[in-house]
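Okay, structure first, notes after.
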2 protein chains.
Amino acid sequence: MDAEAQRGEEWADVTPDAARRLVTAAVEAFAERGYHATTTRDIAGRAGMSPAALYIHYKTKEQLLYRISSVGHRLALDLLTAARDGGGTPVERLAEAVRSFVRWHAEHHTTARVVQYELGALAEDHYAEIVALRRGSDGAVRSIIEDGVRSGDFDVPDIPGTALAVLSLCIDVARWFNADGRRTPDEVGAFYAGLALRMVGAGTPER
Amino acid sequence: MDAEAQRGEEWADVTPDAARRLVTAAVEAFAERGYHATTTRDIAGRAGMSPAALYIHYKTKEQLLYRISSVGHRLALDLLTAARDGGGTPVERLAEAVRSFVRWHAEHHTTARVVQYELGALAEDHYAEIVALRRGSDGAVRSIIEDGVRSGDFDVPDIPGTALAVLSLCIDVARWFNADGRRTPDEVGAFYAGLALRMVGAGTPER
DNA sequence: CGGATGCCTAAGCGCTTGCTCAGCTTCGGG
DNA sequence: CCCGAAGCTGAGCAAGCGCTTAGGCATCCG
């Protein structure tokens, strides 16, 4: 699947067509330049329409960012809760959480960059809503680690600190990942799952 | 040492006094709102002077960012090369690299946030210069890991990937660290040094 | 056929931005 | 005591910003 097709799927449920074109244009522009450096003229131009047309589909520029941030955060949270509630040992569940979370951040690194690094530009109430979702993500990872410590599979001196570090490591993938780079999203996901297991003291147990 | 004293020391060699006040004001403003959302009026206001005074000490707003980014990157690079060239085993040198790098990112998280997350706003030639410094940082960490693999202390399947991941984990400290939080910069540094050792297969070897 | 609705554009309004400039004050050296 | 340099300010310019408005086409429903 190439990048274009991904974007098409990612925002498939945004209608009408023009609104979808605007949201994908905004994702690209925000990821490239940042929210504040992006103009509504630029977004409209990328979507092939006049600046005024943007305001038929979205009330403000901030609403576009909110829409992107909301969809992205909900998706990321779903990946993590699915891994938490999925079957298997804590080792398997942590590996699955990191693998899917990292794969998403690599595959959709344009969207992920906006989702992870532009939330400071949200309006206050929208920001509060997003922060709640993020607390949920943190909680999901922490709960998997707690299970692993309880079962004796993990050896972790500081559970909240380790949960934060694992999530932090995964999130930062969005910052550096390059689609033209050496590794595919799948490879990075698998590699990072191994790193996370080592971080909780469950990696390469043959040592 | 409190935050004020740190800032005083950090930019102690910037003269005259007004230029130093401007650079510390810019660091605060850029870290809070981001480069593009910060106005020259805001920077000048925080420094207690009129907007026009800024241009006596700095040619443009971008020059302020460049100055901050340059000083910060050079400092970070120095920490890592000192650890690479310092004595001791690879285990000790990697631990020292991560400990000092993380401590700096936590202690100076305001500056670090600007240094790590605002470089996209730099002018093209300045950006190229900074990217070269960053490659140096990456090289320092990679070289410590290579030494550890050669000596048999580390067990790493992908050296460049692991170097990137370790650096990435450390950098992200600037994003989430809060001075009012649970842990001190020293504690976070020590904790992350342990995590990094686990990531290279050298942590908690008694397992 | 007539009118309402959905989607779009050209033009532009009010405001803020980065930055400039003429002129003021302060102060050390001759 | 005067002069030039250094440091600063109030006022403001040109450009660009987010967003609005008035109006033009289609399309569809009665």
Side-chain angles (χ1 to χ4, degrees), chain A residues 11-69 114 118-127, chain B residues 11-69 114 118-127:
Chain A
W11 304 102
D13 53 347
V14 177
T15 51
D17 181 68
R20 180 171 47 254
R21 263 157 47 219
L22 281 166
V23 86
T24 60
V27 165
E28 277 175 36
F30 292 163
E32 259 177 46
R33 310 210 219 288
Y35 175 81
H36 288 294
T38 299
T39 68
T40 54
R41 285 161 176 80
D42 182 21
I43 297 170
R46 285 177 196 243
M49 39 214 286
S50 78
L54 192 151
Y55 292 90
I56 293 161
H57 302 284
Y58 300 93
K59 268 215 223 142
T60 64
K61 179 177 139 185
E62 192 267 350
Q63 274 242 346
L64 259 169
L65 176 64
Y66 171 61
R67 183 81 174 253
I68 294 164
S69 202
V114 178
E118 301 295 330
L119 50 157
L122 287 167
E124 207 165 337
D125 50 340
H126 292 160
Y127 180 76
Chain B
W11 304 103
D13 53 346
V14 177
T15 51
D17 179 68
R20 178 171 49 253
R21 262 156 49 219
L22 281 167
V23 87
T24 59
V27 164
E28 277 176 36
F30 291 164
E32 260 177 44
R33 312 209 217 288
Y35 175 81
H36 287 293
T38 300
T39 69
T40 54
R41 283 160 176 78
D42 182 20
I43 298 170
R46 285 175 196 245
M49 40 214 286
S50 78
L54 192 152
Y55 293 90
I56 293 161
H57 301 285
Y58 301 93
K59 269 215 224 143
T60 64
K61 179 178 139 184
E62 192 269 349
Q63 274 242 346
L64 259 169
L65 177 62
Y66 170 60
R67 183 80 173 253
I68 294 164
S69 202
V114 178
E118 301 294 329
L119 50 158
L122 287 168
E124 208 166 335
D125 51 339
H126 292 160
Y127 179 76

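Below, each value reflects all heavy atoms present in this structure, side chains not excepted, and no hydrogens, waters or symmetry copies. Proteins come first, then strands; the chains are lettered A, B, ... in the order of their sequence lines, and each starts at number 1.
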Looking only at D/dG7, D/dT9, C/dT9, the nucleotide nearest the A/Ser50 side chain is C/dT9
Could you please name the option among C/dG18, D/dC19, D/dT9 that lies closest to any side-chain atom of A/Lys61? D/dC19
Are the charged groups of A/Arg33 and A/Asp42 less than 4.0 angstrom apart, N to O? yes
Between atom OH in B/Tyr58 and atom C1' in D/dC8, what is the gap in whole Å? 16 Å
As a test of reading the structure: which of C/dT9, D/dC19, C/dC19 is closest to the side chain of B/Thr40, going by heavy atoms? C/dC19
Among the candidates C/dG18, D/dT9, D/dG18, find the nucleotide nearest to the side-chain atoms of B/Tyr55. C/dG18
Tell me the closest heavy-atom pair linking A/Glu62 and A/Ala123, and the distance in Å. OE2-N, 2.7 Å
Return the OG1 to CZ distance between A/Thr24 and A/Arg46, rounded to the nearest 0.5 Å. 10.0 Å
Between atom CG in B/Asp17 and atom C1' in D/dA6, what is the gap in whole Å? 14 Å
For A/Glu62 and D/dC19, what is the distance between atoms CD and P respectively, to the nearest whole Å? 9 Å
If you round to the nearest 0.5 Å, how far is NZ of B/Lys61 from OG1 of B/Thr38? 6.0 Å
Whole angstrom is fine here: how far is it from NE2 in B/His57 over to C1' in D/dC8? 8 Å
Quick one: which of C/dG18, C/dC8, D/dC8 gets closest to the side chain of A/Ile56? C/dC8
Presence of donor-acceptor pair under 3.5 Å, side chain of B/Arg41 and base of C/dG18: yes
Nearest whole Å is fine: how far is C/dT25 P from B/Met49 CE? 19 Å
For atom CG of B/Leu54 and atom P of C/dC19, their distance in whole Å: 9 Å
Gap separating the OG atom of A/Ser69 from the OH atom of A/Tyr127, nearest 0.5 angstrom: 10.5 Å
Starting from P on C/dT16, measure out to CG on B/Asp42 and report it in whole angstrom. 14 Å
Nearest-Å distance, CG (B/Leu22) to C1' (D/dG7)? 12 Å
